[in-house]
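To find a chain, count down the sequence lines: A is the first, B the second, and so on, and within it residues start at 1.
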2 protein chains.
Amino acid sequence: MRILVIEDETKVGCFIKRALEEESYAVDLCEDGAKGLQMALNTNYDLLIVDLMLPSLPGLEILKGVRQARIQTPILILTAQSQVDQRVKGLDAGADDYLTKPFAIDELLARIRALLRRGSTESPGVLQIDDLALNPATRDVTRGGQRIDLTSKEYALLEYLMRHTGRVLTRPMISEHVWNQDFDTFTNVIDVYVNYLRNKIDRGRSKKLIHTIRGSGYMLKVD
Amino acid sequence: MRILVIEDETKVGCFIKRALEEESYAVDLCEDGAKGLQMALNTNYDLLIVDLMLPSLPGLEILKGVRQARIQTPILILTAQSQVDQRVKGLDAGADDYLTKPFAIDELLARIRALLRRGSTESPGVLQIDDLALNPATRDVTRGGQRIDLTSKEYALLEYLMRHTGRVLTRPMISEHVWNQDFDTFTNVIDVYVNYLRNKIDRGRSKKLIHTIRGSGYMLKVD
DNA sequence: GTCTTCAATGACTAGAATACGCATAGTTGG
DNA sequence: CCAACTATGCGTATTCTAGTCATTGAAGAC
């Protein structure tokens, strides 16, 4: 899950970025409104977090810009306590949820999970395929009832695969959703991580869930 | 489907090339504008992707050159965030769509599918002939409801045949759209791949779909 | 008209070359 | 120390080459 944070206060921005990264999200941080709008338009983010109080471009304009471009990505807006009217305008302009500053980070994370859940066609709290289950809220992964420990990147990759079960995912697609903009194309990190996942999830099981589509990419499915 | 990418930034170019090849497109990459224009004029591409910021020859000149030669090939232009006016000029000069850098690869692929679909007379999401179906979005192929596994080249060949059902396709036509510029004319690779396809699609069926037109080439049709 | 012959064309196969992905070990940085 | 990433050698599926075999259709013989 890749998230764009548009927030001009460096300190707050970094704090959010860090918190999200600890939750295994791939995060891009942008401190400038106009640039942020461009990024939102150009990259296929899974969620946008927008501070409504921005210097260069009012946050509302970002919302409008994104929605005008027919982009459905869920948007969470951040406002100051006082800006009640702003908040209303924000929701009118297409925001999906809001949070007033200062906020508790747990609160933010919970809202994010809710929005990401709502985004998918169905709304299962837990992602499940065969006997493999992943709970985005707790980041618990189990197979056949047995807990599986994953590192942050492993988890992020698995979540992306599970959210797109049955579809071929090419490497560029994966790198775009599981890594952030610093990703280096000329490496085999993705292959390596798929291998890590295989060791933890498929190794020793008769039913393999992770499949290679030679020349194209990878796919998660029951055979 | 064969695509020419004119992009001077090696890294970006390679990234795009790889993404397209993983989607089974035949891709030529050119880092020089003038040379790229020549290639576009000499080869019957199905799509051109042109970066408007090129060192030797401005991207706009390429557009104009191509359109002056009455070539209808759909063109997708890439621009930097700031070049709004360039973008407008590009569309005026005959581009069919644009994308600003950096862009999401999913987005690029979706646009490409849309442009290639628009090119054909009808616009079906799924290509179908008799009980053979091919879905360009998922690259799934089925006959009589049964899934058929194809390699990348096999798929590319079949897609080309299906997009031109009922028409005789000569070997040069096939090589021009299914292979890239490294294709060696003096081989029988095409025959070999037609044979591979026959084994997977027609073998054991009463209705044959792939037909040989002796002295000319091949044709896909219901008898 | 039809039978035979023959050259041209395509079908098919085996195996070589290549590219791709896997595994594993090594490196870096917090 | 561990997670994230890099680098490399190896096995194998895919792609291609090259050769043999089958089919087609036209020309000539009868």
Side-chain angles (χ1 to χ4, degrees), chain A residues 14 17-18 21-27 139 141 148-158 161 168-172 174-175 178-204 208 210-219, chain B residues 14 17-27 139 148-158 161 168-172 174-175 178-204 208-219:
Chain A
C14 287
K17 180 165 194 263
R18 183 133 175 237
E21 281 174 346
E22 283 186 1
E23 295 287 318
S24 304
Y25 298 110
V27 183
R139 305 228 319 296
V141 176
I148 295 174
D149 268 336
L150 297 179
T151 70
S152 185
K153 266 272 139 53
E154 288 166 358
Y155 172 83
L157 174 57
L158 180 61
L161 293 176
V168 179
L169 303 171
T170 66
R171 266 163 266 258
I174 293 172
S175 70
V178 178
W179 275 261
N180 70 7
Q181 56 193 350
D182 317 337
F183 182 81
D184 177 5
T185 320
F186 299 100
T187 73
N188 66 337
V189 217
I190 295 176
D191 301 44
V192 171
Y193 270 86
V194 168
N195 189 40
Y196 289 163
L197 270 188
R198 277 197 168 121
N199 285 339
K200 293 189 177 181
I201 285 171
D202 276 345
R203 157 96 26 121
K208 309 293 183 196
I210 301 173
H211 301 266
T212 303
I213 314 301
R214 192 158 223 275
S216 293
Y218 297 98
M219 177 155 131
Chain B
C14 288
K17 183 164 193 265
R18 172 140 206 213
L20 297 184
E21 282 175 345
E22 289 196 342
E23 298 283 327
S24 301
Y25 296 111
V27 183
R139 302 216 310 298
I148 296 175
D149 269 336
L150 299 178
T151 71
S152 188
K153 266 273 139 53
E154 288 165 357
Y155 171 84
L157 174 57
L158 180 62
L161 293 176
V168 180
L169 302 170
T170 66
R171 267 163 262 259
I174 293 172
S175 69
V178 178
W179 274 261
N180 71 5
Q181 58 191 347
D182 317 339
F183 182 81
D184 177 5
T185 319
F186 302 100
T187 73
N188 65 337
V189 216
I190 295 176
D191 300 44
V192 170
Y193 270 85
V194 168
N195 186 41
Y196 289 162
L197 271 188
R198 278 194 166 126
N199 285 339
K200 293 189 176 180
I201 285 172
D202 276 346
R203 157 104 15 132
K208 308 294 181 195
L209 296 178
I210 302 173
H211 302 267
T212 304
I213 313 302
R214 189 155 231 273
S216 297
Y218 298 98
M219 178 157 129

Tell me whether A:R139 at atom CZ has more than 12 heavy atoms from other residues, nucleotides or ligands lying less than 6.0 Å away. yes
Please report the distance, rounded to the nearest Å, between CG in A:D191 and P in D:dA4. 17 Å
Nearest whole Å is fine: how far is D:dA4 P from A:Y155 OH? 14 Å
Give, for atom [atom1] of [X] and atom [atom2] of [Y], the distance between the pair rounded to the nearest 0.5 Å.
X	Y	atom1	atom2	answer
B:L209	B:I201	CG	CD1	7.5 Å
A:Y218	A:D191	OH	CG	3.5 Å
B:D149	B:Y155	CG	OH	13.5 Å

Consider side-chain contact (heavy atoms from CB on, under 4.5 Å). Of B:N199, B:I210, B:L161, which one does B:V194 pass it with? B:I210
Heavy-atom nearest pair, A:T212 first then A:R198, reads OG1-NH2, 2.6 Å
Heavy atoms under 4.0 Å, any strand shown: does B:N195 hit a base, just sugar-phosphate, or nothing? base
Return the set of residues passing side-chain hydrogen bond (donor to acceptor under 3.5 Å, both in side chains) with B:K17 (not counting sequence neighbours), or none when no residue passes. B:E21
Using the rule given for side chain to side chain contact (heavy atoms under 4.5 Å, CB included), can you reason through A:V189 versus A:F183, listing the C-alpha separation, both sets of side-chain angles and the distance that settles it, and then say yes or no? CA-CA 10 Å; A:V189 217; A:F183 182 81; 4.3 Å; yes
Contact pattern, 5' to 3', of nucleotides 11-20 of chain D - B, S or - by protein heavy atom under 4.0 Å: -BBSBBBBB-
Would you grab the first and last nucleotide of DNA chain C (5' to 3') that comes under 4.0 Å of any non-hydrogen atom in chain A? C:dC20 to C:dT24
